[in-house]
Amino acid sequence: MLLSKILLPTLKDAPQEAEVISHKLMLRAGMIRKVASGIYTWLPMGLKVLRKIENIVREEMDASGAQEVFMPMVQPRELWEETKRWDKMGPELLRIKDRHDRDFCLGPTHEEVITDVIRSTVKSYKELPLNIYQIQTKFRDEVRPRYGIMRGREFLMKDSYSFNMDEESLQETYLTMRDTYKKVLERMDLEYKISAADSGAIGGDSSEEFHILADNGEDTIAVSDTSEFAINTELLLKDGEDIKSLEGKPSPDGKGTIQIKKGIEVGHIFKLGEIYADAMKANVLNNEGKASTLFMGCYGIGVSRLVAAAIEQNNDEKGIIWPHSIAPYDINIIAIGYDKNKEIASASNQLYLQLKEMGYEVLLDDRKDGYGTKIKDSELIGIPLNIIIGKQFIENKEVELKSRSGESSINSIADIETILEFFKDK
RNA sequence: CGGGAUGUGGCGCAGCUUGGUAGCGCACUACGCUGGGGGUGUAGUGGUCGUCGGUUCAAAUCCGACCAUCCCGACCA
């Protein structure tokens, strides 16, 4: 992609409305624009990252044996009446009417819809277990949207629902999902914790949250300083106790002492058991030919929230430092004097095509700006590798390689091998 | 919903106390110089000062209502 063509409105100053670093940087890097409180348009650079994360999630879900579907965002009241949630849920459930005055809501989650699909299509235990997922826009009319994309009202989420014959099978799927989420976060190079959690409005037996560790996190978790153990502090506090008092106490798992960390909840997995299947009469025939209520699990991961969380964990005073697996582009070719110097222009064009042919996603900064402007933009949007073609190219056919993380070297432009070295261990 | 704050060109801000018809930096347009850390010269474009109403000869400025946005709290996969 040519920088002169892309819609990339970078900003020197962050708009006043932005408070946390990820919000500021997403606005400054031209990734998003606000449409209304908690509702955003994703611009090309932001969408690139969103899609990268979405694809990692999709690949790992597919690898786990889950199957992708796509459910509607608009859902009829009747389904929500079945589980009593039409009345139970507050104004965060955005209710709307169609032209015939029939009630609908914008889906904040999809247990009702998927359970309706499964009960009408699956009749025998032989078809189970099933794990069905979708990657879709959710709407929750949050009391207070904040921190930009981090807590929006409209957001992109991967949600999956498993249907199992019994508790043991559910446990198996649950652990598979737990493992899948670990793989997703590891591929994104994010530091995270899995903590025991309250199952909240979704209900069910037990649940665990996946937290990205970051100072701006909205959740407070207690982690052991010596073991893997972590727990949401909500579950640890007795009445009247404050969070500070937990620090230094013995960890509930008996290993080490408690440390308090801030985390961004990006994933939540639940064992729902029979509650939804029971309410909606979702049964199949078991091997004795008798109706048997399904056991369900549900597993959510916030795709758009992961974009913000990744930035919270990977930035410096210059801008974003994308983990390579989710960077919008791999390489930025900074051509100094592209519009004036034919040698530079043709060498840049050639390198650009060559790298693209090799399968890299490449930007070419062909704009009529100086080096300062170009490198500042590149550092702001966090491209992992810059290849600078300028004076040294004219003098002796050399380019500078400069990574976002700090390393740099001078190489012959013919030495593509060295350029690619950079990506070897990524 | 309770508490706090903000709203002046795309972004950051000044002007408001003490009313007199809108300004600065960046960005943007044209041309030139420059071309390895947001360079520079000249000439330009762009704003019903959040909205509506009131006071006044006159309102960005004073008064009222409303709207929007942000922060803290309560709430929340």
Side-chain angles (χ1 to χ4, degrees), chain A residues 7-20 23-24 27-28 30 33-39 85 88-93 107-111 136 138-148 150-153 155-161 181 197-204 207-211 216 218-219 232 234 264-270 272 297-305 318-319 334-341 344-345 365 367-380 386-395 398-400 402 408 410:
Chain A
L7 177 63
L8 181 65
T10 56
L11 299 171
K12 259 189 202 176
D13 305 299
Q16 202 191 13
E17 68 191 33
E19 189 72 15
V20 298
H23 190 196
K24 284 182 181 168
L27 289 167
R28 287 190 54 210
R33 277 294 160 100
K34 186 175 67 182
V35 177
S37 181
I39 300 175
R85 289 209 288 185
K88 263 190 223 163
M89 293 196 78
E92 68 272 15
L93 184 68
T109 178
H110 283 70
E111 282 83 5
Q136 199 227 25
K138 296 281 187 277
F139 193 92
R140 294 182 189 171
D141 200 358
E142 297 280 351
V143 180
R144 182 147 86 90
R146 60 180 140 180
Y147 304 156
M150 192 119 84
R151 185 177 204 73
R153 291 191 288 176
F155 57 98
L156 191 66
M157 173 172 171
K158 186 286 299 175
D159 48 324
S160 46
Y161 306 88
Y181 280 22
D198 186 359
S199 31
I202 297 277
S207 77
E208 287 174 297
E209 293 170 344
F210 288 71
H211 283 99
N216 285 323
E218 289 190 274
D219 294 294
N232 196 307
E234 288 164 20
I264 301 165
E265 182 193 348
V266 295
H268 204 154
I269 55 179
F270 297 84
L272 296 173
C298 81
Y299 320 94
I301 192 161
V303 177
S304 49
R305 183 178 283 181
K318 294 173 177 172
I334 295 183
I336 301 166
Y338 183 95
D339 60 310
K340 287 278 180 62
N341 188 305
I344 293 212
D365 199 339
R367 295 176 301 177
K368 220 176 158 177
D369 294 289
Y371 174 70
T373 303
K374 293 184 179 190
I375 192 73
K376 289 280 186 196
D377 268 351
S378 187
E379 286 169 338
L380 176 60
N386 295 290
I387 302 178
I388 301 151
I389 303 189
K391 222 168 23 198
Q392 293 175 78
F393 173 76
I394 297 168
E395 282 160 11
E398 284 175 342
V399 294
E400 181 185 350
K402 190 176 168 77
S408 74
I410 307 294

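Sequence lines set the chain letters: A, B, ... in the order given, protein chains first and strands last, and positions in each chain run from 1.
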Would you mind reading off the distance between [X] atom [atom1] and [N] atom [atom2], rounded to a whole angstrom?
X        : N     : atom1 : atom2 : answer
A:Arg153 : B:A68 : CZ    : C1'   : 12 Å
A:Ile334 : B:G35 : CD1   : P     : 18 Å
A:Glu19  : B:C71 : CD    : C1'   : 6 Å
A:Gln392 : B:G35 : CD    : P     : 16 Å
A:Met150 : B:C70 : CE    : P     : 14 Å
A:Lys376 : B:A27 : NZ    : C1'   : 17 Å
A:Leu380 : B:A27 : CG    : P     : 15 Å
A:Arg28  : B:C26 : CZ    : P     : 17 Å

Rounded to whole angstrom, note down the [atom1] distance from [N] over to [M].
N     : M     : atom1 : value
B:C1  : B:G15 : C1'   : 36 Å
B:A14 : B:C49 : C1'   : 13 Å
B:G9  : B:C24 : P     : 14 Å
B:G7  : B:C75 : P     : 32 Å
B:A60 : B:G4  : P     : 29 Å
B:G2  : B:A65 : P     : 15 Å
B:G3  : B:U56 : C1'   : 36 Å
B:G53 : B:A59 : C1'   : 13 Å

Listed pairs, N/O of protein and of nucleotides 73-75 of chain B, under 3.5 Å:
{"from": "B:C75", "atom 1": "N4", "to": "A:Arg146", "atom 2": "NH2", "distance (Å)": "3.4"}

Pick base, sugar-phosphate or nothing for [X], based on heavy-atom distances below 4.0 Å to the nucleic acid.
X        : result
A:Lys24  : nothing
A:Asp369 : base
A:Lys138 : nothing
A:Gly90  : nothing
A:Asp339 : base

[N] pairs with which nucleotide, Watson-Crick or G-U wobble, both distances below 3.5 Å?
N     : result
B:G53 : B:C63
B:C70 : B:G4
B:C28 : B:G44
B:U17 : none

Between the protein and nucleotides 4-12 of chain B, are there any N/O to N/O pairs under 3.5 Å, and if so, what are the atom names and distances?
{"from": "B:C11", "atom 1": "O2'", "to": "A:Asp13", "atom 2": "O", "distance (Å)": "3.0"}
{"from": "B:G12", "atom 1": "OP1", "to": "A:Gln16", "atom 2": "N", "distance (Å)": "2.5"}

Is there a donor-acceptor contact under 3.5 Å linking the side chains of A:Asn232 and A:Glu209?
-> yes

Residues two or more places apart in sequence or in another chain: which of them pass salt bridge (charged side-chain N to carboxylate O under 4.0 Å, His left out) with [X]?
X        : result
A:Glu265 : none
A:Lys24  : none
A:Glu218 : A:Arg146, A:Arg151

N/O donor-acceptor pairs under 3.5 Å from side chains in residues 370-378 of chain A, not counting sequence neighbours:
{"from": "A:Lys374", "atom 1": "NZ", "to": "A:Ala335", "atom 2": "O", "distance (Å)": "2.7"}
{"from": "A:Lys374", "atom 1": "NZ", "to": "A:Asp365", "atom 2": "O", "distance (Å)": "3.0"}
{"from": "A:Lys374", "atom 1": "NZ", "to": "A:Arg367", "atom 2": "O", "distance (Å)": "2.8"}
{"from": "A:Asp377", "atom 1": "OD1", "to": "A:Thr10", "atom 2": "OG1", "distance (Å)": "3.1"}
{"from": "A:Asp377", "atom 1": "OD2", "to": "A:Arg367", "atom 2": "NH1", "distance (Å)": "3.1"}
{"from": "A:Asp377", "atom 1": "OD2", "to": "A:Arg367", "atom 2": "NH2", "distance (Å)": "3.1"}
{"from": "A:Ser378", "atom 1": "OG", "to": "A:Asn332", "atom 2": "ND2", "distance (Å)": "3.1"}
{"from": "A:Ser378", "atom 1": "OG", "to": "A:Asn386", "atom 2": "OD1", "distance (Å)": "2.5"}

Does [X] reach the side chain of [Y], with side-chain heavy atoms less than 4.5 Å apart?
X        : Y        : value
A:Met89  : A:Glu92  : yes
A:Ile336 : A:Ile388 : yes
A:Arg28  : A:Leu380 : yes

Who pairs with A:Lys318 by side chain to side chain contact (heavy atoms under 4.5 Å, CB included), at least two apart in sequence or on another chain?
-> A:Asp316, A:Glu379, A:Arg404

Contacts of type side chain to side chain contact (heavy atoms under 4.5 Å, CB included), residue A:Asn216, not counting sequence neighbours = A:Val20, A:Ile21, A:Glu312

Closest-nucleotide ordering on RNA chain B, the 5'-leading residue of A:Thr10 and A:Ala18 = A:Thr10

5'-most contact on RNA chain B: A:Ile301 or A:Val35, nearest heavy atom basis?
-> A:Val35

Main-chain N/O of A:Met150 paired with A:Arg305 side-chain donor or acceptor, under 3.5 Å | yes

Any side-chain N or O of A:Ser37 under 4.0 Å from OP1/OP2 of B:C70?
-> yes

Taking atom types as they are modelled, would you say the side chain of [X] forms a donor-acceptor pair with the base of [N] within the 3.5 Å cutoff?
X        : N     : result
A:Asp377 : B:G38 : yes
A:Lys402 : B:G37 : yes
A:Glu379 : B:G37 : yes

By ring pair (Phe, Tyr, Trp, His ring centres under 6.0 Å) - contacts of A:Tyr161 (at least two apart) = none

